[in-house]
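Below is one structure, written out as structure tokens; the observations come after it.
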Amino acid sequence: MSDLVQRARAAMQHAWAPYSQFHVGAALEAQDGTVYVGCNVESASYGLTICAERMALGAAVVGGARKLTRIVVTTDVDPPAAPCGACRQLLAEFGLDLEVRAVGRTTEKRWTLAALLPDAFTKESLDR
């Protein structure tokens, strides 16, 4: 198991998911090799819930990362869950060439962010 998968699984153990029981962990690697992790945190007011991917992205931004290379998202479901639309959009701000790996209990899937978010709305698309 890769280091990113291990880090995402460790983060998943800290998820706060008392409503859905759907625990998610994420490990995001910046271009310099630094890894940032996150887990989902639910709220009784569902709209305030934050995904593991966005939690890891926030930590990366606070840490000064601006170029991201890979993200691993772990869940206990098969097939594994891909990042939601909101997470895809926020990750797109940092490059559509991001490698995305979703790892479930026994299976995994891989994409680029560009494949998950075709015709992305980003700063580059606004500059055209």
Side-chain angles (χ1 to χ4, degrees):
M1 189 179 326
S2 79
D3 180 54
L4 281 181
V5 173
Q6 289 175 342
R7 304 269 307 263
R9 286 206 186 280
M12 186 175 77
Q13 299 306 310
H14 298 285
W16 178 254
Y19 306 102
S20 71
Q21 301 302 311
F22 188 72
H23 297 86
V24 183
L28 182 60
E29 184 180 66
Q31 189 172 34
D32 68 0
T34 304
V35 175
Y36 301 91
V37 298
C39 63
N40 58 319
V41 179
E42 294 181 349
S43 170
S45 176
Y46 278 176
L48 298 179
T49 294
I50 187 166
C51 298
E53 300 92 324
R54 284 184 274 158
M55 181 79 69
L57 181 59
V61 170
V62 167
R66 296 297 182 263
K67 179 64 179 156
L68 310 173
T69 58
R70 302 184 296 163
I71 188 168
V72 169
V73 180
T74 57
T75 59
D76 278 333
V77 298
D78 284 311
C84 74
C87 289
R88 293 175 194 194
Q89 179 61 47
L90 278 173
L91 289 167
E93 295 293 325
F94 299 88
L96 291 168
D97 57 342
L98 180 71
E99 295 176 34
V100 180
R101 183 176 171 193
V103 179
R105 196 174 307 121
T106 61
T107 61
E108 70 175 61
K109 292 185 172 187
R110 295 175 188 243
W111 310 267
T112 62
L113 189 56
L116 288 174
L117 191 64
D119 300 320
F121 181 70
T122 64
K123 182 181 181 316
E124 287 75 27
S125 68
L126 294 174
D127 290 341
R128 287 187 229 152

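Just so it is clear, the values below take in all heavy atoms, side chains as well, and ignore hydrogens, waters and symmetry mates.
Closest non-hydrogen pair, M55 versus G38, comes out as CG-CA, 3.7 Å. The two residues A30 and T69 make their nearest non-hydrogen contact at O-OG1, 3.8 Å. In this structure, A81 and T75 approach most closely via the heavy-atom pair N-OG1, 3.7 Å. In terms of heavy-atom proximity, G95 sits nearest to L113 at O-CD2, 3.7 Å. Shown here for E42 and P18, the closest heavy-atom pair between the two residues is OE1-N, 3.5 Å.
You'll find the side chain of P80 stays beyond 4.5 Å of the side chain of V103, heavy atoms only. For the pair V61/F94, a side-chain contact is recorded, criterion being any heavy-atom separation below 4.5 Å from C-beta on. The side-chain heavy atoms of C39 and H23, taken from C-beta on, include no pair separated by under 4.5 Å. Contact check for V24 versus V73: side-chain heavy atoms found under the 4.5 Å cut-off.
From K67, atom NZ reaches atom CG of D32 across 12.5 Å, with rounding to the nearest 0.5 Å. T122 OG1 to L91 CG: the interatomic distance, rounded to the nearest 0.5 Å, is 13.0 Å. To the nearest 0.5 angstrom, T74 atom OG1 is 12.5 Å from R7 atom CZ. The line from CG of L117 to CG of D119 is 8.5 Å long, rounded to the nearest 0.5 Å. Between the CZ atom of R70 and the CG atom of D97 there is a distance of 13.0 Å, given to the nearest 0.5 Å.
In this structure, the side chain of T49 engages the main chain of S43 through a donor-acceptor pair within 3.5 Å. The backbone N or O of L116 sits less than 3.5 Å from a side-chain atom of R88, completing a donor-acceptor pair. A donor-acceptor pair is defined here as one N or O able to donate and one able to accept, closer than 3.5 Å; no such pair exists between the side chain of R9 and the backbone of G25. With hydrogens and angles ignored, the 3.5 Å screen pairs a side-chain donor or acceptor of D78 with a backbone N or O of R105. Side chain of E53 to backbone of C87: no donor-acceptor contact under 3.5 angstrom is found. A donor-acceptor contact shorter than 3.5 Å is absent between the side chain of E29 and the backbone of L4. When atom types are taken as modelled, the side chain of E108 and the backbone of G104 share no donor-acceptor pair closer than 3.5 angstrom.
Taking a cutoff of 4.0 Å between a charged side-chain nitrogen and a carboxylate oxygen, R101 and E99 do not qualify as a salt bridge.
Note: the hydrophobic cluster containing L68 also contains V100 (ILVMFWY, side chain heavy atoms under 4.5 Å, direct or indirect links). In the hydrophobic clustering of this structure, W111 groups with V77; members are Ile, Leu, Val, Met, Phe, Trp, Tyr whose side-chain heavy atoms approach within less than 4.5 Å, directly or through other members. By the rule that hydrophobic residues join a cluster once side-chain heavy atoms approach within less than 4.5 Å of another member, L28 and V41 end up as members of separate clusters.
When the shell of 6.0 Å around CZ of F22 is examined, it contains more than 12 heavy atoms from other residues, nucleotides or ligands.
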With side-chain contact (heavy atoms from CB on, under 4.5 Å) as the criterion, how do L57 and I71 come out once you've worked through the C-alpha distance, each side chain's angles and the decisive distance to 0.1 Å? CA-CA 10 Å; L57 181 59; I71 188 168; over 6 Å; no

